[in-house]
Protein chains: 2
Amino acid sequence: MSTAEETTGGEVEPWEEVTPDAARRLLVAAVEAFAERGYHATTTRDIAGRAGMSPAALYIHYKTKEELLHRISRIGHDRALEILQTAARREGTATERLADAVSSFVRWHAGRRTTARVVQYELDALGPDARAEILDLRRQVDAEVRGIIQEGVASGEFDVIDVHGTTLAVLSLSIDVARWFNVNGPRTPEEVGALYADLVLRMVGAK
Amino acid sequence: MSTAEETTGGEVEPWEEVTPDAARRLLVAAVEAFAERGYHATTTRDIAGRAGMSPAALYIHYKTKEELLHRISRIGHDRALEILQTAARREGTATERLADAVSSFVRWHAGRRTTARVVQYELDALGPDARAEILDLRRQVDAEVRGIIQEGVASGEFDVIDVHGTTLAVLSLSIDVARWFNVNGPRTPEEVGALYADLVLRMVGAK
DNA sequence: GGGCACACTAAGCGCTCGCTCAGCTTCGGC
DNA sequence: GCCGAAGCTGAGCGAGCGCTTAGTGTGCCC
C-alpha cells in the first residue's frame, strides 16, 4: 500500500490519470466548484480562478464547460464501478462480499464526497450522448449489487422477496451518503461504511 | 376523504393555501421547472411562460426568484414534517408507528416527486436566512424519526446499536426516493412505501 | 542564438440572465 | 360614466455568462 493510498483510507488518489498538470488542476478545481455550488451555478471564471489561471486557459484543455463535467463523471463512475466489481469478484460468501461491497462503496462516497456529489447529482446537466454513456455505467453498477444479492438468495444466505427493489434500496442508501456526509461531522468514512454494511445485511435478512 | 385526497393516494392536494390564483399558478410552474432542470438552470422567463404569463408578472407576486424557492421549500418541509408527526403521534407500538411513518413519508416522496425533489435537493440555492429556517425544520424531521426508534429500543421491540446513525440511514433511504423514482416506472408509490417500511423494520431489528 | 511550437493572458463579443418601469386594461364603487 | 386600484404586458437595462481571438512569454531544437 502506497503513501497516497494510506492517506485516503485505502483508496487510490484519483485524477492522476489526467494529464498534463494544468488540465488536472482545472479538473480538480471544477470538481470542488461543482460540488459546492452545482454545475449551473459554477462559472468558468471560478474554475479557472481556483486553478490559478485566466478564464481563457480552460479552453486550451477542454472544449466546453460540459466536457469538464463529462470527464469528471466518467472517471468517477469508472471508479465506483471498479470498487463494486472488486468486492463482487473476491472470494467468500455472498454475505462477506455484500458487506465488503457496501462498506467500500459507502467509504468512497463519504471520503471522496466532493467527487461523489458531482458524479451522483449533476447527471442531468450532461447532454444526451454523455448522459447515455453514464447511464450505461449505472446499469453495470446496479447489476453488480443485484448479482451478489441474487447469489445470496440462491445459496439460502439471504431472505429477500423483491431482489430488484432491495438492490435499488441498497444503492440508494449508499449513494445518498454523498448528499449528507460532513467531513467535519462526528463520523469517519470507515465508521459510516461499517454501520451501513451492517444495516444492509439486516435488510437482506443475512443470518 | 375528499376526491382530491383519493386521487393523490390519501394526501391533500398541496398549494391550495397559496393565493391568489395567479401566484399559485406561478408557484406550481416553478416547482415543475426547478424539479426538471434545477433552480439555477431555470429562468424566470421559463416559469412565467409555463404559467401563461409574461416574465414581468412574476414580480407582482414574488420579490425574487429565490422567494419562490423559499416558499416551495417551506411548504414542502411543513408537509413532510406533518406526515411524520401524524405517524409518530398515533396509537400503536413503535413497530407500527415506524412502519406507518416510513411508508407515508416514502409515499409522499414518490407520489409528489417533483415537489420532493425541489425540497430535498435545492436547499443550497437558498440564502443564509432561509436556509437556516429550513434546516431547523429538518432537525424536527430528524427528531420525529429518532423518537420512534428510541421508543422501540426502550420497549425492547428494536435492536439498534447506533440510534443516531440508524435514524440518519432511515431518513436518507426515504429521501433518496425523490431522486430515482420514475412515475412511468414499474412501481407505484404505495408499493415502494410498503417495501421500504419492511426494509426499515429489518434495519432496526423489529421482531 | 535564431526560430518555432505551445501554454497562456488581456480584452472583449454576443447573448441571456434577473429584474424594472411606464403604460394599458379591467372592474367595483358612487 | 368617471375614477382609482390592482393585475398584467412590452420593452429594455445593467450585469455576468460561455467562449473567442490576437498577441505575449518561454523553453527546446538545431
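Treat the numbers as computed from the prediction; the structure is a model and nothing was measured. Order of the sequence lines sets the chain letters (A, B, ...), proteins ahead of strands, with each chain counted from 1.
The distance between atom CZ of A:R45 and atom P of D:dG18, rounded to the nearest whole Å, is 7 Å. In this structure, A:E67 atom CD and D:dG18 atom P are separated by 15 Å, rounded to whole Å. Note: NE2 (B:H40) to C1' (D:dC17) measures 14 Å, nearest angstrom.
Within residues 52-63 of chain B, the residues approached by DNA chain C to less than 4.0 Å at the level of any non-hydrogen atom are B:A56, B:Y59, in residue-number order.
A salt bridge links B:D21 with B:R24; the closest basic N to acidic carboxylate O contact falls under 4.0 Å. A salt bridge between A:D142 and A:R138 is absent, with no side-chain N of the basic residue lying under 4.0 Å from a carboxylate O of the acidic one. A:E36 and A:R50 are joined by a salt bridge, as a carboxylate oxygen and a charged side-chain nitrogen come within less than 4.0 angstrom of each other.
Between A:V102 and A:S174, the shortest heavy-atom distance links the atoms CG1-OG, 4.3 Å. Here the closest non-hydrogen pair linking A:A80 and A:W108 is CB-CZ3, 4.1 Å.
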Next item on the list: Check step by step if side-chain hydrogen bond (donor to acceptor under 3.5 Å, both in side chains) holds for B:Q140 and B:H77.
Entry: CA-CA 10 Å; B:Q140 293 182 55; B:H77 275 90; over 6 Å; no

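Between B:Y39 and A:R25, it is A:R25 whose nearest contact on DNA chain C lies nearer the 5' terminus.
With A:R97 as the fixed residue, the side-chain hydrogen bond (donor to acceptor under 3.5 Å, both in side chains) test singles out one of A:E91, A:E151, A:E144: A:E151.
Here chain B contacts DNA chain C (any atom closer than 4.0 Å to a heavy atom, that is under 4.0 Å), and the contacts span C:dC17 to C:dC21 from 5' to 3'.
Between the CZ atom in B:R113 and the CG atom in B:N182 there is a gap of 7.0 Å [rounded to 0.5 Å].
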